[in-house]
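Both counts, for ligands and for their atoms, begin at 1 and track the order of listing.
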Amino acid sequence: MSESHILLLPKEEYFKWVKACQRFVLAFGVTITPNPAKAGTKKNVTIANSPDGFNNIDVVKWLNDRFPNIVIDNIEINNPEELKQILEERVLTKKRYGDMPVVVDPTELEIALYWPTDYPIITQAFGVNPQNYAMWGLPGHEGLDFRAPWNTNIYACSDGEVFYVETRPDEHPYGKHIRIQHENGFRTVYAHLQAVLVDFGQDVVAKQLIGKADSTGNSTGSHLHLTLKKEGATARRETAFGGDVVDPTPYLVFPND
Ligand SMILES: [Zn+2]
């Protein structure tokens, strides 16, 4: 994902600006440039926009005119010190893009997770509500919940092979559910289903209909619970969760992308 994000800095006193964004660049692996034309070749452009930083041209307009498909994250600041403060705040809050909507290029992700329901709404984020999950030995919600009214479609997030299906509604906290093995050691779990429409061993492709939504198992209303696992993630301490559970959010491709 780092390849789709670039930080555009004023050319004047360039290295003062570079120094100001050092922690941000190290934390997120962002490329930097003083060249607006180069910045325009990336999908997400964060601009350190200081008065007369870009030869008195309106650099946002300049970029928008030439590169209409990029997303611009315009930070208006007067000096490197102000930039430093804003970027370090983003490092602390893990908000790389501030509040801008991010364009994710699926081909740049280790795994792209296409949206698994027909409703572009997440009803419970990853890692939240630790008090509800302590009884299961979990540090928080171990996946993402998506809006999915009863009997609505559930789709595979990515190409893979079905390696487990549970068709009994009451035998597992996940209820009726499907597990798919993907490339690069990733696995997805689709929980609380009403119907399982694939078989053990079946190959599926991203966006393929695999089930119907419900509230089977440990659930209090119809929705889709999606868990993502990455082989070895727990042992490598890439996650606070056991069982190789990782946050699916960075891999999600929003439905309008
Ligand atoms: Zn859930």
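For the Zn ion (ligand 1), the N/O/S atoms of Glu142 include none lying under 2.8 Å. Between the Zn ion (ligand 1) and His192 there is no N/O/S contact shorter than 2.8 Å. Between the Zn ion (ligand 1) and His225 there is an N/O/S contact shorter than 2.8 Å.
If you check the side chains of Thr249 and Asp247, you find a donor sitting under 3.5 Å from an acceptor. Using modelled atom types and a 3.5 Å distance limit, the side chains of Tyr174 and Thr227 yield a donor-acceptor pair. Judged by distance alone, the side chains of His225 and Asp145 do bring a donor and an acceptor atom under 3.5 Å apart.
Taking the six-membered ring for Trp and thresholds of 30 and 60 degrees, Phe24 and His5 have ring planes more than 60 degrees apart, a perpendicular arrangement. Ring orientation note: the planes of Trp115 and Phe146 are nearly perpendicular, at an angle over 60° on the 30°/60° scale.
Within His141, NE2 is the N, O or S atom that lies nearest to the Zn ion (ligand 1). Atom OD1 is the N, O or S atom of Asp145 at the shortest distance from the Zn ion (ligand 1).
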